[in-house]
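For the numbers below, each heavy atom of this structure counts, side chains included, while hydrogens, waters and symmetry mates do not. Numbers restart at 1 for each chain; the letters A, B, ... are given by sequence-line order, proteins then strands.
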Amino acid sequence: MQPLLDVQNVSKAFGGVIANKNVSLKVEKGQIAGLIGPNGSGKTTMFNSIVGYHPVDSGQIFFKGREISRLRVGAIARLGLLRTFQQTRIYGKMTCMENMLISLPDRTGGFSSLLRSRHALGVQRAKDLLEFVGLYSKRYLYAGDLSFGQQKLLEFAMALINEPEMLLLDEPTAGINPTLINGLIDRLKRANKELGITLLVIEHNMRVIMNLADHIYCLAHGEMLAEGSPEDIRNDSRVIDAYLGAH
Amino acid sequence: MTRKSYHLLAMLALAAIGLAAPWLLPSYLSQFSKLWLFIVLALTWDLMGGQMGYNSFGNVVFFGIGMYATAATQVALYYPLAAYTAAKGGGTEFIFNTSQFFTGLAAGLPVGGLAAAIAALALGLIILGMRGHYFAIATLGLAIAAGELAAGWDLIGAGSGMVTPTPPDSIDTTVLFYYLSLALAALTFLFLAWLYSTRFGLAINAIRDDEDKAEAMGHHTTRNKVVAWVISAFFLGIAGGIFGNLSKFIDPIDVAFNGAEIGVWMILMAILGGKGTLWGPVIGAGVFYIMKELFWTYLLGWQRVALGLLIVIIVVFFPQGIVGWLKERWPGRFGPTAEEMEAADAKGEA
């Protein structure tokens, strides 16, 4: 079976800085994959290349068997490949409910669905998902007034209501209260299991990623250093060196 | 009383004032006509600048295009346009009888709106790919370029401008254009009120708050931006058509493409009233227009200084605008409460 996401030998340089060099990775449908690596190792660049934020210098990216490395951000999102941002992005001057309602997928409806009342579609779904991430009681607050951690949860819920096939999460637990992190891991797992969303997660928190991922890729200096099960990665001396600075 | 009934009451009060003005204040009727048109200018600017966060300094272009397109249609239905403009619209050979005048107007105003909308579509596809500030800068030159182009085009009278068709004496044009302006303002207001209640309203708000995010969530952001500009331009074009007839003479630079005055005023009115709110531009236009008329009447010679001072005061003390300030001060009274939002969501779902 072909993998859901198949990145083949992607390179990307910014001027003289080589951010990604011949990076390949595969994510199977239904999997939770992790992407780790020290700061500046090219994780976010990898994400940006996948979702079409910038063109790649060389290599190919396939999503559901379709080459997507030439597509624009919006077109890739409409295929069902969505990302969240490291610096959380929500619509600050809109309420949480409005943030959710405008994140409903518009793939099939076209323009006419935009002319329906803003209350006509997805209200119950929006409430359910806000409940799911624990923001139900804040649903009519302006998103910009939420704390950073809450905004992250909102962004996650917005991604879920969009019904993506695959979700790329850039440091979902950064800035979140440690006691909430366990809850978040649980929710990510449930989103994967119950909603069938394949996940690719960038994470610095080793405890989180080891608990969450089925398969982990480790980048260092823009190159793929290691891959394998959490157990393999934990015991890989190159990974340990990379993190402790010996690399 | 709920907020919704205040909203309804305010609309009814405005409509009553609007309909009664010809009897109450007959001598100020053409000023009032302009006030209604200014409300349209502020409302359509706010669709872009307030609701979508795209500050356009070039919206006056659509106003001017509508003005010329309307007048040209009014004439061209009955006379060769070139001969009419060559004669400076005067002379005895270009007579419009009652039915010709009304037919011309009925055809001309929609043509004015459509011409402006088509121009917005073409311009939008080119420059709405640009983001925020870059878009604002790109629109800066539009009015100047359009004014110069119009001033060099003989068919529409070039630099000497164009006289709009003179109606027969039997038509009271002051009252006619007053009601047309009022109707257009009402139509624009109701249309935008509906538009902002749809998912499209949310979509352009999303562009205002974070366009990168909207795009990453799969929105057709460029399409939505172009549609918003086309809608804005359509109503502006009709407003221009009425304004041209009201002024009776279209000068390419001082009337049609007057970026330095009308182009700036429409922005100020929206900001004064409260960007991104439905009532803000209406209130802003009212306050601004009355102040402006007072300055021009009582402070003649210093009117521009006073206006400049007003602008500074607006920006310093009311950065959110009047409605924005009220909303911040009394969020429950001037903005929707959580209960109201809950009820609206519940109703929509049913």
Side-chain angles (χ1 to χ4, degrees), chain A residues 51-53 72-85 88-95 97-107 109-127 137-144 155 158-159 161-162 164 168, chain B residues 50-53 129 191 193-228 230-231 274-277 320 324 327-328 331-332 335-350:
Chain A
V51 299
Y53 197 71
R72 306 277 302 261
V73 172
I76 292 174
R78 287 188 288 278
L79 286 177
L81 175 56
L82 221 59
R83 65 93 56 92
T84 64
F85 292 86
T88 301
R89 299 188 110 148
I90 41 84
Y91 310 123
K93 291 190 180 127
M94 299 164 70
T95 66
M97 277 299 276
E98 288 171 341
N99 270 270
M100 294 297 286
L101 293 177
I102 199 53
S103 300
L104 288 165
D106 269 327
R107 293 183 201 104
F111 191 73
S112 59
S113 88
L114 280 183
L115 295 181
R116 305 210 30 202
S117 160
R118 55 169 73 191
H119 308 293
L121 302 170
V123 169
Q124 195 51 48
R125 184 80 185 128
K127 286 183 178 169
S137 63
K138 315 238 180 244
R139 64 195 184 284
Y140 292 114
L141 293 185
Y142 287 97
E155 194 185 25
M158 286 160 72
I161 204 171
N162 198 272
L168 274 55
Chain B
Q51 298 283 348
M52 201 167 82
F191 182 82
W194 167 76
L195 190 71
Y196 297 156
S197 77
T198 64
R199 291 176 51 73
F200 184 77
L202 286 180
I204 59 175
N205 286 164
I207 291 172
R208 171 196 67 197
D209 283 1
D210 192 334
E211 187 171 348
D212 283 331
K213 175 69 180 175
E215 205 177 359
M217 293 299 287
H219 290 202
H220 294 272
T221 47
T222 305
R223 178 196 70 189
N224 292 348
K225 289 189 285 184
V226 172
V227 169
V230 166
I231 292 170
K275 276 208 306 186
T277 62
Q320 314 265 21
K327 266 188 169 169
E328 207 173 81
T337 61
E339 290 76 32
E340 283 167 355
M341 290 193 265
E342 174 89 65
D345 276 342
K347 209 168 125 195
E349 184 81 328

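- Looking only at heavy-atom pairs under 4.5 Å with chain B, the residue among A/Ile76, A/Thr95, A/Leu101 that has the most is A/Leu101.
- Side-chain contact between A/Leu168 and A/Thr84 is absent, with no heavy atoms from C-beta onward closer than 4.5 Å.
- When heavy atoms are compared at a cutoff of 4.5 Å, A/Ala126 does not approach chain B at all.
- For the set A/Glu98, A/Arg72, A/Met94, the entry with the most heavy-atom pairs within less than 4.5 Å of chain B is A/Met94.
- Counting heavy atoms from C-beta on, the side chains of B/Glu340 and A/Tyr140 never come closer than 4.5 Å.
- Of all the listed residues (B/Asn205, B/Thr221, B/Leu195, B/Asp212), the one sharing the greatest number of non-hydrogen pairs under 4.5 Å with chain A is B/Asp212.
- Under a cut-off of 6.0 angstrom, the local environment of OH in A/Tyr53 is sparse, with at most 12 non-hydrogen atoms contributed by other residues, nucleotides or ligands.
- The parts of A/Leu104 that come within reach of chain B are both its backbone and its side chain, each placing non-hydrogen atoms under 4.5 angstrom from that chain.
- The most heavy-atom pairs under 4.5 Å with chain A, out of B/Ala338, B/Ala203, B/Gly201, B/Gly218, come from B/Gly218.
- Counting heavy-atom pairs closer than 4.5 Å to chain A, the top residue among B/Pro336, B/Gly276, B/Ala216 is B/Ala216.
- Contact annotation for A/Val73: both backbone and side-chain heavy atoms come within less than 4.5 Å of a heavy atom of chain B.
- Counting heavy atoms of neighbouring residues, nucleotides and ligands inside a 6.0 Å radius, atom NZ of B/Lys213 exceeds 12 of them.
- In this pair, B/Phe200 and A/Phe111 present their aromatic rings perpendicular. The plane angle is above 60°, beyond the 30 to 60° band.
- Within the structure, side chain to side chain donor-acceptor pair (under 3.5 Å) contacts touching residues 193-204 of chain B (residues at least two apart or in different chains) do not occur.
- You'll find the side chain of A/Met97 reaches within 4.5 Å of the side chain of A/Val123, heavy atoms only.
- For the set A/Ile90, A/Leu141, A/Asn99, A/Leu115, the entry with the most heavy-atom pairs within less than 4.5 Å of chain B is A/Leu115.
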